[in-house]
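A note on names: the letters A, B, ... follow the listed sequences, proteins ahead of strands, and every chain is numbered from 1. Reckoned from all heavy atoms, side chains included, excluding hydrogens, waters and symmetry mates.
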Amino acid sequence: MQKPVSAWRATLLSFIILAVFLGAWELSLQGAGQGAGPAMDPEYAALLGQAAASGGQTPMPKPSEIGHRLFQLLSDPFYIRGPNDQGIGIQVAYSLGRVLLGFGIAALIAIPLGFVIGMSPLLNAALNPFIQVLRPVSPLAWMPLALFTIQDSSISAVFVIFICSIWPMLLNTAFGVSAVRREWLNVARTLEAGTWRTAFRVILPAAAPTILTGMRISIGIAWLVIVAAEMLVGGTGIGYWVWNQWNNLSIADICIAILMIGLVGLALDRLLGLLARAVAWQE
Amino acid sequence: MSKPYVSVEGISRKFPGLTVFDNVWFGVNRGEFVCLVGHSGCGKTTILNILAGLDAPSGGVVLADGREISGPSLERAVIFQGHALMPWLTAEQNVAFALGCKHKGWDAGRLRDAARRALEKVGLGAALAKKPSELSGGMKQRVGIARAFAVEPKMMLMDEPFSALDALTRGALQEEVSRLVTEAGQTAFMITHDVDEAILLADRILLMTNGPMARVAEVVINTLPKPRVRATLHHQPGYHELRDHIMDFLITRSRTLAGIPPGDYDPRHPPEVSPAG
Ligand SMILES: Nc1ncnc2c1ncn2[C@@H]1O[C@H](COP(=O)(O)OP(=O)(O)OP(=O)(O)O)[C@@H](O)[C@H]1O
Ligand SMILES: [Mg+2]
């Protein structure tokens with residue numbers, strides 16, 4: 001058995017680890033970067049694009065430089081200067097909007113459908129092969145098909161989010177509903193509760209923790225996938241922004257984007273965690 | 001002759017490769033308390049589920065109030081063995097849920113007040129806002145009892161309601177249930193493994209042989225005067241004869257009588273005995 005740890009000691013240790021990490025990073029780059037860059041691999045040069053052709057910039061920024069840049073970006077996160085130059089806040093908002101839209105539509109379909117599948121062993125058996133085949137497909141594999149049929153890059157990204165977040169919610173809802181204890185259903189039956197009352201007052205609360213787990217997995221996957229999807233379709237969003245900064249060889253901006261993506265992902269997960277806590281029950 | 005409230009007429013229940021029981025007949029009169037005693041696996045729960053309408057017989061019919069039972073009904077409430085409370089609801093909400101099923105037009109305030117009264121009746125006035133996980137086993141079963149009685153059914157069906165409780169709590173709850181059933185003039189049917197519980201509560205005790213092909217071997221009439229109190233029950237004349245008779249049945253005769261019935265056995269009228277005189 002592990003002993004419980006006090007929160008402030010863990011926090012203190014976290015800060016020490018962060019300080020050591022950033023300090024080592026800063027020191028290791030001290031004095032470096034002034035000399036000419038190493039001879040460049042031609043394939044790597046191709047990936048770098050035009051910015052690299054002009055070449056010779058510092059390959060890796062120091063934490064202090066990143067911090068300075070972060071301050072710059074966050075002091076005006078929502079500016080719009082033309083379609084290709086928008087603040088980081090705007091970009092994150094675009095990504096969040098797509099994720100919430102795709103995830104929301106997926107939830108609206110997956111939860112009722114999962115409910116029906118969970119209640120009907122026949123439907124469960126009939127739909128299972130389709131789900132099993134479609135679920136392991138990488139969401140990005142849908143992208144060309146989406147672009148071809150929808151003919152709109154932004155909606156295609158939403159579709160990819162939809163398709164990747166539907167499966168965990170569908171499967172968890174179906175499982176949660178089918179696993180509702182027989183005795184609660186019997187209570188509802190002896191009380192002549194009726195289909196709707198049983199569905200909303202017994203099955204839904206009983207399965208809610210399992211459904212919420214599915215939603216939490218889904219939103220995590222959706223946030224992972226949006227970055228890749230936006231790199232592909234371009235235009236707006238934090239994924240596009242990362243790719244753009246890579247083309248500009250702004251490594252500091254890329255580090256900041258990684259931090260932002262992590263923090264937003266954490267916030268989304270916490271939000272769903274709070275919801276899960278609200279519907280949790282204990283026997 | 002008045003018709004019994006519940007009349008079990010020649011029911012059987014078959015699972016693939018297993019006939020749990022076949023051609024079972026008995027009746028439960030209005031206001032009567034009947035206990036069903038038998039060994040594990042003989043089909044007691046199956047019979048209770050059929051009476052509740054949760055399961056259907058493979059053959060035969062069960063009449064309640066003269067009409068064939070085709071499904072569960074608010075007229076026949078069930079007190080489940082494992083309390084079966086919904087863990088996401090408080091004690092009060094559990095009872096209010098049942099009340100809301102019966103009285104579709106009541107608003108939340110009225111349901112809450114009625115649920116409170118039902119819980120106060122079983123001595124849980126202080127635990128209204130507690131979730132089942134915060135209640136002891138006895139308190140949980142009390143909520144289950146309050147929930148069943150709150151809908152004012154005509155009949156109470158109980159499947160070993162106290163078997164998971166300690167002796168002291170069990171005694172208290174037996175008296176509770178006995179009082180509530182009597183107050184409401186309800187008909188009651190209870191499955192039990194506890195011989196004393198059967199003697200305390202039942203007017204008649206049905207003894208079931210071991211399965212498969214279980215049958216009601218005997219109907220024991222409990223002639224001990226009412227009201228019976230647990231503390232003094234074993235001092236009543238006739239108590240030991242009654243108890244010994246049921247124990248003998250459970251220990252040996254439930255086994256020796258299993259299978260082919262004796263020649264003079266009439267499944268419609270199993271022999272009635274009153275060992276207490
Ligand atoms: N759904 C089912 N499918 C197959 N067999 C079943 C099913 N339900 C019950 N049985 C069988 O029917 C028989 C009677 O079961 P039942 O639960 O009625 O017994 P019981 O008398 O209530 O036993 P206990 O005292 O242990 O509760 C058992 O042999 C059981 O295995
Ligand atoms: Mg049983």
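Remark: A:E183 CD to B:L85 CG distance equals 9.0 Å, nearest 0.5 Å. Rounded to the nearest 0.5 Å, atoms CZ (B:F80) and OG1 (A:T190) are 4.5 Å apart.
Counting heavy-atom pairs closer than 4.5 Å to chain A, the top residue among B:P132, B:A148, B:S73 is B:S73.
Counting heavy-atom neighbours within 6.0 Å of B:K121 NZ, excluding the residue itself, gives a total of 12 or less. Few gaps surround CZ on B:R179; more than 12 heavy atoms of other groups in view lie less than 6.0 Å from it. Within a 6.0 Å radius of OH in A:Y94, no more than 12 heavy atoms belonging to other residues, nucleotides or ligands are found. At most 12 non-hydrogen atoms from other residues, nucleotides or ligands lie less than 6.0 angstrom from CG of B:L168.
For a residue to count as touching a neighbouring chain, one of its non-hydrogen atoms must lie under 4.5 Å from one of that chain's; by this rule A:A206 touches chain B with backbone and side chain alike. Heavy-atom distances place no part of B:A77 under 4.5 Å from chain A, backbone and side chain included.
Closest approach of B:C101 to A:L191, counting heavy atoms only: CB-O, 3.4 Å. The nearest pair of heavy atoms linking A:W184 to B:A84 is CD1-O, 3.9 Å.
With a 4.5 Å cut-off on side-chain heavy atoms, B:M86 and A:V202 count as touching. A:R197 has its side chain within reach of B:K104: a pair of non-hydrogen atoms, C-beta onward, lies under 4.5 Å apart. Taking 4.5 Å as the limit, every side-chain heavy atom of A:N186 sits out of range of all side-chain heavy atoms of B:V78. Residues B:L54 and A:R189 have side chains in contact (heavy-atom distance under 4.5 Å, counting atoms from C-beta outward).
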- B:E75 and A:E192: CA distance, side-chain angles, deciding distance, side-chain contact (heavy atoms from CB on, under 4.5 Å) verdict: CA-CA 10 Å; B:E75 310 233 296; A:E192 298 186 65; 5.7 Å; no
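A tilted orientation is assigned to the rings of A:W281 and B:W88, their planes being inclined by 30° to 60°.
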